[in-house]
There are 2 protein chains.
Amino acid sequence: MVEHRKPIPVTEAVERVINKAQALGIESVALHDSYGRILAEPIKASHDVPPFNRSPYDGFAIRSADSAGASGDTRVQFEVIDHIGAGAVSGKTVEKQQAVRIMTGAPLPAGTDAVVMFEQTVDSGETFTIRKPFEPLENVSLQGEDMKEGDAVIESGSFIHPGTIAVLATFGYAQVEVAKRPVVGILSTGTELLDVSEPLVPGKIRNSNGPMIAAQLARMGIGCKTYGMSADELDESFNIVKQASEETDVLITTGGVSVGDFDFLPAIYERLEAEVLFNKVAMRPGSVTTVAVANGKFLFGLSGNPSACFTGFELLVRPAILKMMGADKLYLPRTRAVLAEDFTKANPFTRFIRASYDGSSIRPAGFNMSNAVSSIARGNALIVLPGGTRGYQAGASVDVLLLGVEEGASEWTL
Amino acid sequence: MVEHRKPIPVTEAVERVINKAQALGIESVALHDSYGRILAEPIKASHDVPPFNRSPYDGFAIRSADSAGASGDTRVQFEVIDHIGAGAVSGKTVEKQQAVRIMTGAPLPAGTDAVVMFEQTVDSGETFTIRKPFEPLENVSLQGEDMKEGDAVIESGSFIHPGTIAVLATFGYAQVEVAKRPVVGILSTGTELLDVSEPLVPGKIRNSNGPMIAAQLARMGIGCKTYGMSADELDESFNIVKQASEETDVLITTGGVSVGDFDFLPAIYERLEAEVLFNKVAMRPGSVTTVAVANGKFLFGLSGNPSACFTGFELLVRPAILKMMGADKLYLPRTRAVLAEDFTKANPFTRFIRASYDGSSIRPAGFNMSNAVSSIARGNALIVLPGGTRGYQAGASVDVLLLGVEEGASEWTL
């Protein structure tokens, strides 16, 4: 007998998963280990940036009033009384017609309010002349022009990228509060599975989903516990799933979620008294993707078909993990692109097609069956075709989700 | 005296750097450590995928010829003689009007050439009937339909992403030949620099460029040796640069490359008898970016201004490192987007503006001076405005380079 499952829309599946994801807490890491983490505290400017009025050029700091009346015919002369580079502070106070030779980044000496660039002078060493008047604050980087003390600069929940780290360093964050990462386990189920190092034998294939998911986690900066492979035996699989779910925050299984005679995950969820959020999603590939929660732990039952497994991870597991880390951008970034070739299949469900995106057009990455491995290797994006459509021609504008981008989008817009 | 330098176009700067970058060699890593590396061997299919004709559904394998004449009025009956799941091989040969109950992923038993889905049967356990004839190979995943033995599947030089790993696992690559990563050093120069953990004092700022570059490397999967900070002292700086360049393949310095009184990198390049590829690029920010080669080692002299430093890394250091690893996609991916607000500054040189890209429009990330830190933190892309232009209005279509994308573009298209 075939069990009949009611498919829910992808958007609803994503919502149900997100609604169940709980924040995991906070830990402190060294700044130099913080790339790729999610910031768990808001960053305010602890001082003005720049912290003082400084010279953006190499030249001479002057009192602008002293330059009044300068012209090509009436050059005005200054006497150089000091010489400072970045990091130095002049001990002198500049008086009338005096100047300090100053390098980029150095603070304006007392009394000065403008900088004359070398190119604007005729320079004799001890003195120089200029041929135009300077406004107050001309050629000056003003204290606080980039950031003012107390400004909210970066929000909690932000992905820490290199620019974030520049700000954290500026404000003296040698340690940063970041979200804890979930402990994620991977268990590949299926009697047909061989380990990568085993020779091929009739009827079997090597386990590609386990290593692939580990890499999908790695590109999110997340490690994993690997529970290897289990044959399609109910008791054995139950015991492994039970143990693994106790040792992890998120357990990802592959295979065994359909309605076949040896698909034991539904029975395992029942034995665990798990709450099944859904067991059928109106999407291709991956319609049998099942998500359950047992004792507060996520159980993601991904399809054993490689591209269904891949897509299920990116659409459902990834945002759940990011939500658990308090991230403010949970979803794959979306854009629009021009379809580079016809795609004439019908789409009874929302269809996700592995594809190559070049910044303007997008081309399906070859053989697009849910059991295909080759197209996952070639694609860097997913084309999204809405359910209930068919017959997309080359030149059509389609929705695209981008893969392998460090920071996601804050809204699910499909 | 101001030294006059001749700026070269960005495109030429990139070319000169790429032309000097030399491949570093190959090493072997475990598959589970290979995410993010560059593949140093071409991958051919070592067997067909699927490796045998298999069932893509749960159902019954039959001889299609036996279904001839089946209709709603004339149901045709089959006897079930075996039952296999994925990973099992039936020992039986299917004869006339016989069938094997078969699960998704299992190989078709001898004699069979089609699969009847459960939904297409009336099933009594030992027998079932069907109401339509089946074609030879109907509902069969054909051996080799995804990949054929000997097919070139992935080229050497490819970035290893999760899909690549699925293919490598499929073909039994427990170890993978990948490009060696360069040893990269970072030295921040400038008397004004404080370490992140030091309190702010007058005239000084904390070193944000060093940690930022370390993170830019980290997002390429590359570690670094940190040579800390050196004051603007020629002999001291020379000694550190000399030692660091001997210990690394690539030494990145920040600051000291302009023509100020304490900018000692030009003198250091001279003492090292380095070949200076250029010391002025027609771009903003970062026009003073200097690249030199000494004893086969790269010396990247980035500007001390944070956003100039950031941009110099992404435009010049990143492709050089990728070329050293034999990657086939060296450049930041490019797209076009609609400018979300006016940008009316003149662009005497090619201008790179830190910006936020949302998949369709792009907005400058705030304060866009070369010494600004805040806009680096907010941006996920760079707007590129060609030199010799001014006055871009909101709504204009502009070139955009995407940051933080795992795989780049194969051509420099600006």
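First the proteins, then the strands, lettered A, B, ... as listed; each starts at 1.
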*Asks:* Does any backbone or side-chain atom of B:Y173 lie under 4.5 Å from a heavy atom of chain A? Answer side chain, backbone, both or neither.
*Replies:* backbone
*Asks:* Using heavy-atom distances under 4.5 Å, tell me whether A:A409 contacts chain B through its side chain, its backbone, both, or neither.
*Replies:* neither
*Asks:* Can you tell me which portion of B:V89 sits under 4.5 Å from chain A's heavy atoms? Options are side chain, backbone, both or neither.
*Replies:* side chain
*Asks:* Checking B:A166 against chain A: side chain, backbone, both or neither under 4.5 Å from a heavy atom?
*Replies:*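 It is both, since atoms from each part get that close.
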*Asks:* Counting only heavy atoms closer than 4.5 Å, note whether B:N207 contacts chain A via side chain, backbone, both or neither.
*Replies:* backbone
*Asks:* Side chain, backbone, both or neither: which part of A:V167 has an atom under 4.5 Å from a heavy atom of chain B?
*Replies:*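 The answer is both parts of A:V167.
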*Asks:* Heavy-atom distances under 4.5 Å only: say whether A:Y57 touches chain B with side chain, backbone, both or neither.
*Replies:*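 Neither part.
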*Asks:* Test of understanding: with ring pair (Phe, Tyr, Trp, His ring centres under 6.0 Å), list the residues that count as partners of A:F171, not counting sequence neighbours.
*Replies:*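 Applying ring pair (Phe, Tyr, Trp, His ring centres under 6.0 Å) to A:F171 gives A:H47.
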*Asks:* Does any donor atom in the side chain of B:D123 or B:T121 lie under 3.5 Å from an acceptor atom in the other side chain?
*Replies:* no
*Asks:* So which part of A:S141 gets closer than 4.5 Å to some heavy atom of chain B, the side chain, the backbone, both or neither?
*Replies:* side chain
*Asks:* Of the listed residues (B:T104, B:L200, B:L402), which shares the most heavy-atom pairs with chain A below a 4.5 Å separation?
*Replies:* B:L200
*Asks:* By the definition salt bridge (charged side-chain N to carboxylate O under 4.0 Å, His left out), identify the one residue from B:E406, B:E411, B:E155, B:E407 that meets it with B:K329.
*Replies:* B:E407
*Asks:* Quick check on B:E198 against chain A: is it the side chain, the backbone, both or neither that has a heavy atom closer than 4.5 Å?
*Replies:* neither
*Asks:* Report the residues that fulfil ring pair (Phe, Tyr, Trp, His ring centres under 6.0 Å) with A:Y331, sequence neighbours left out, ordered by chain and then residue number.
*Replies:* A:W412
*Asks:* Chain B heavy atoms under 4.5 Å from A:P211: which part of the residue, side chain, backbone, both or neither?
*Replies:*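 For A:P211, heavy atoms of backbone and side chain both lie under 4.5 Å from chain B.
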*Asks:* With a 4.5 angstrom heavy-atom cut-off, could you sort out which part of B:A106 is near chain A: side chain, backbone, both or neither?
*Replies:*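 Looking at B:A106, nothing touches chain A.
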*Asks:* Can A:T170 and B:R206 be counted as having a side-chain donor-acceptor contact under 3.5 angstrom?
*Replies:*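 Judged by distance alone, the side chains do not pair up.
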*Asks:* If you measure from CE on B:M212 to CD1 on B:I186, what distance do you get to the nearest 0.5 Å?
*Replies:* 9.5 Å
*Asks:* What part of B:R354 lies closer than 4.5 angstrom to a heavy atom of chain A: side chain, backbone, both or neither?
*Replies:* neither
*Asks:* Using a 3.5 Å distance criterion without hydrogens, assess whether the side chain of B:N209 forms a donor-acceptor pair with backbone atoms of B:T254.
*Replies:*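 Such a contact is absent between B:N209 side chain and B:T254 backbone.
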*Asks:* Is there a donor-acceptor contact under 3.5 Å from the side chain of A:D151 to the main chain of A:A45?
*Replies:*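 Checking the backbone N and O of A:A45 against the side chain of A:D151, no donor-acceptor pair under 3.5 Å is found.
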*Asks:* Please look at A:I84 and chain B and tell me whether the side chain, the backbone, both or neither of the residue comes under 4.5 angstrom of a heavy atom of that chain.
*Replies:* backbone
*Asks:* Please classify the contact between A:P107 and chain B as side chain, backbone, both or neither, with a heavy-atom cut-off of under 4.5 Å.
*Replies:* side chain
*Asks:* By a 4.5 Å heavy-atom criterion (distance strictly below it), what part of A:A86 contacts chain B: side chain, backbone, both, or neither?
*Replies:* both
*Asks:* Between A:R219 and chain B, which part of the residue has a heavy atom less than 4.5 Å away: side chain, backbone, both or neither?
*Replies:*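 For A:R219, the contact with chain B is made by backbone and side chain together.
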*Asks:* Based on non-hydrogen pairs under 4.5 Å, which of B:R378, B:R336, B:Q216 is most in contact with chain A?
*Replies:*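 If we count pairs closer than 4.5 Å to chain A, B:Q216 comes out on top.
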*Asks:* Verify, without hydrogens or angle tests, whether A:D146 (side chain) and B:V373 (backbone) share a donor-acceptor contact under 3.5 angstrom.
*Replies:*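 Looks like yes, one N/O pair under 3.5 Å.
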*Asks:* Sort A:D58 into side chain, backbone, both or neither according to what part of it lies under 4.5 angstrom from a heavy atom of chain B.
*Replies:*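 Side chain only.
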*Asks:* Any sub-3.5 Å donor-acceptor pair from A:T191's side-chain atoms to A:D232's backbone N or O?
*Replies:* yes
*Asks:* Could you tell me which portion of A:D358 (side chain, backbone, both or neither) has an atom closer than 4.5 angstrom to a non-hydrogen atom of chain B?
*Replies:* backbone
*Asks:* Against chain B, label A:Q175 side chain, backbone, both or neither, depending on which of its atoms sit under 4.5 Å from a heavy atom there.
*Replies:*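 Contact with chain B is absent: no heavy atom of A:Q175 under 4.5 Å.
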